[in-house]
Amino acid sequence: MTASPGRRVLLAAPRGYCAGVDRAVIAVEKALEQYGAPIYVRHEIVHNKYVVQTLEKKGAIFVEQTAEVPEGSIVMFSAHGVAPVVHDEAAKGKLATIDATCPLVTKVHKEAVRFANDDFDILLIGHEGHEEVIGTSGEAPDHITLVDGPEDVAKVEVRDPSRVVWLSQTTLSVDETMETVDALKEKFPQLISPPSDDICYATQNRQLAVKQMGAEAELVIVVGSRNSSNSVRLVEVAKLAGSREAYLVDFADEIEEAWLEGVSTVGVTSGASVPEVLVEQVLEWLSRRGFEDVELVKAAEESITFSLPKELRRDLRAEAAALVEQRTGGTPGK
């Protein structure tokens, strides 16, 4: 099929895997290679159906509670992070742990601990029930109050309005978060902001790209799972940016032909836990329907990478050293 006149795709850049997701997924794969199956993972390693199904086929077992992991097994903590009580549960169950928490989430955890130690009330902006919020709240439960959007601000109470700080879930909409912060500052004028922006660079960059394409694209397709907070936010951002319609799909076959009626420009992006192969399948689906002209909408460059969890690095180094010694018949470096 040849491209129809005027039909085009705006493809967001950056999109897909962020550094924290890439690290977490590779960590599961490396753990399976290093220790063999099964590797237990507490909660989905990242919020993406395809990724979870793929890792399950390789030998990963996803559980909701630490108690589901057999004694003496290996358990990995997901990119969203866990509360300290989960580490205690793992120790009691004599489990070997691998912590794949995104370093940017770990940063928020450390901020929560520091402000709690200084006896601040912490207002955590985030969505109730999200794994990341549960993990962060668990770092200082007596000091943290969840604020789930601007509408929650009216009922927030603190001990001392001069000792209040806000933190946030890393995957929120930047605009919605700042709306909540503005409302909090109006109620608590001495509210302190965190030392650095808690919303992660990848979330911000993906939202920025969607804002740039939203005014031109009548339809925006976001590839991502429904339990992925940052993917859901991209749909909201697209509509606010001017797109007539925006939809979230896990796979290309979920796209409906009716969505293309009267559409000449389709925006395509993906959440931070989505592998590129799923985006390619969406582009192929659109191409077969005349949307062959693909233009890149570039909002930012990303070059950040994170090293593997320390537990994996330690054992991989030990294995490499043993191989060297075995091959040379002596200690490494001699």
Side-chain angles (χ1 to χ4, degrees), residues 18-21 23-24 27 41-47 63-67 69 75-93 95-149 152-153 156-172 177 180-181 184 188 191-203 227 229-230 272 306-307 309-311:
C18 63
V21 165
R23 170 185 187 261
V41 184
R42 194 179 185 280
H43 293 311
E44 295 184 351
I45 187 68
V46 296
H47 285 157
V63 299
E64 289 303 307
Q65 301 298 331
T66 315
V69 182
V75 63
M76 184 176 294
F77 301 137
S78 77
H80 311 103
V82 296
V85 66
V86 176
H87 290 273
D88 295 339
E89 291 169 357
K92 290 175 183 175
L95 306 177
T97 61
I98 300 173
D99 192 352
T101 302
C102 173
L104 299 178
V105 174
T106 299
K107 175 180 74 70
V108 179
H109 283 208
K110 290 179 178 178
E111 289 172 353
V113 171
R114 180 165 66 84
F115 283 113
N117 287 340
D118 290 338
D119 203 29
F120 277 78
D121 280 345
I122 302 165
L123 306 181
L124 177 61
I125 302 171
H127 297 306
E128 187 172 3
H130 190 279
E131 282 97 330
E132 185 183 328
V133 166
I134 293 170
T136 301
S137 298
E139 293 286 354
D142 295 334
H143 288 78
I144 290 178
T145 299
L146 180 63
V147 184
D148 197 343
D152 264 8
V153 172
V156 174
E157 296 181 3
V158 300
R159 295 170 299 158
D160 181 353
S162 69
R163 297 186 66 76
V164 186
V165 63
W166 70 269
L167 301 176
S168 80
Q169 181 181 330
T170 63
T171 54
L172 300 180
T177 300
T180 305
V181 170
L184 287 170
F188 307 111
L191 180 72
I192 295 173
S193 296
S196 59
D197 197 346
D198 283 347
I199 298 175
C200 89
Y201 76 94
T203 297
N227 63 339
S229 177
N230 76 87
F306 296 133
S307 58
K310 63 180 184 297
E311 303 90 347

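Counting from 1, the numbers follow the sequence of the chain as shown.
Closest of all the heavy-atom pairs between G129 and I134 is O-CD1, 3.6 Å. Nearest heavy atoms, A116 versus I122: N-CD1, 3.9 Å. Pairing each heavy atom of P309 with each of A100, the nearest pair is CG-CA, 4.0 Å. Closest of all the heavy-atom pairs between I144 and A112 is CD1-CB, 4.2 Å. Here the closest non-hydrogen pair linking F188 and P161 is CD2-CB, 4.3 Å. Shown here for L104 and C200, the closest heavy-atom pair between the two residues is CD1-CB, 3.5 Å.
Summarising the geometry, atom NE2 belonging to H109 is positioned 15.0 Å from atom CZ belonging to R114; distances are rounded to the nearest 0.5 Å. Rounding to the nearest 0.5 Å gives a distance of 6.0 Å between CG of L184 and CG of L191. In this structure, the separation between CD1 on I192 and CG on D121 is 11.0 Å, given to the nearest 0.5 Å. I125 CD1 to T145 OG1: the interatomic distance, rounded to the nearest 0.5 Å, is 12.0 Å.
Between the side chain of N230 and the main chain of A272, a donor-acceptor pair closer than 3.5 Å is present. In terms of modelled atom types and a separation under 3.5 Å, the side chain of R23 and the main chain of C18 share no donor-acceptor contact. With hydrogens and angles disregarded, a donor-acceptor distance shorter than 3.5 Å links the side chain of D99 to the backbone of T101.
When each of T106, V165, L167 is paired with E111, the side-chain contact (heavy atoms from CB on, under 4.5 Å) condition holds for L167 and for no other. Across D152, V147, D148, a single residue satisfies side-chain contact (heavy atoms from CB on, under 4.5 Å) together with T180, and that is V147.
Under the 4.5 Å side-chain criterion, counting only non-hydrogen atoms from C-beta, Q169 is not in contact with T136. The shortest side-chain heavy-atom distance between S78 and R42 does not fall under the 4.5 Å cut-off. Two residues are said to be in side-chain contact when any heavy atoms from C-beta on lie closer than 4.5 Å; V153 and L123 fail this criterion. Counting heavy atoms from C-beta on, the side chains of S137 and L124 come closer than 4.5 Å. Under the 4.5 Å side-chain criterion, counting only non-hydrogen atoms from C-beta, C102 is in contact with F306. Side-chain atoms of L172 and H127, non-hydrogen and from C-beta on, do get closer than 4.5 Å to each other.
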Side chain to side chain contact (heavy atoms under 4.5 Å, CB included), that's the test. Do H130 and H47 meet it? Break it down for me.
CA-CA 11 Å; H130 190 279; H47 285 157; 3.8 Å; yes

Start with the C-alpha distance between E44 and N227, add both sets of side-chain angles, then the distance that settles side chain to side chain contact (heavy atoms under 4.5 Å, CB included), and finish with yes or no.
CA-CA 10 Å; E44 295 184 351; N227 63 339; 3.1 Å; yes

Side chain to side chain contact (heavy atoms under 4.5 Å, CB included) evaluation trace for V69 with V63:
CA-CA 8 Å; V69 182; V63 299; 3.8 Å; yes

Full working for side chain to side chain contact (heavy atoms under 4.5 Å, CB included) between V133 and H80
CA-CA 9 Å; V133 166; H80 311 103; over 6 Å; no

Determine, step by step, whether D119 and R159 satisfy the salt bridge (Lys or Arg N to Asp or Glu O under 4.0 Å) criterion, reporting the C-alpha distance in whole Å, the side-chain angles of both residues, the deciding distance to 0.1 Å, and the verdict.
CA-CA 10 Å; D119 203 29; R159 295 170 299 158; 3.2 Å; yes

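With a 6.0 Å radius and a threshold of 12 heavy atoms from other residues, nucleotides or ligands, E64 has its CD atom above the threshold.
Seen from the ring of F120, R163 counts as a face-on cation partner, given the 6.0 Å and 45° thresholds.
Counting only N and O atoms by type, the side chains of E132 and T170 include a donor and acceptor under 3.5 Å apart.
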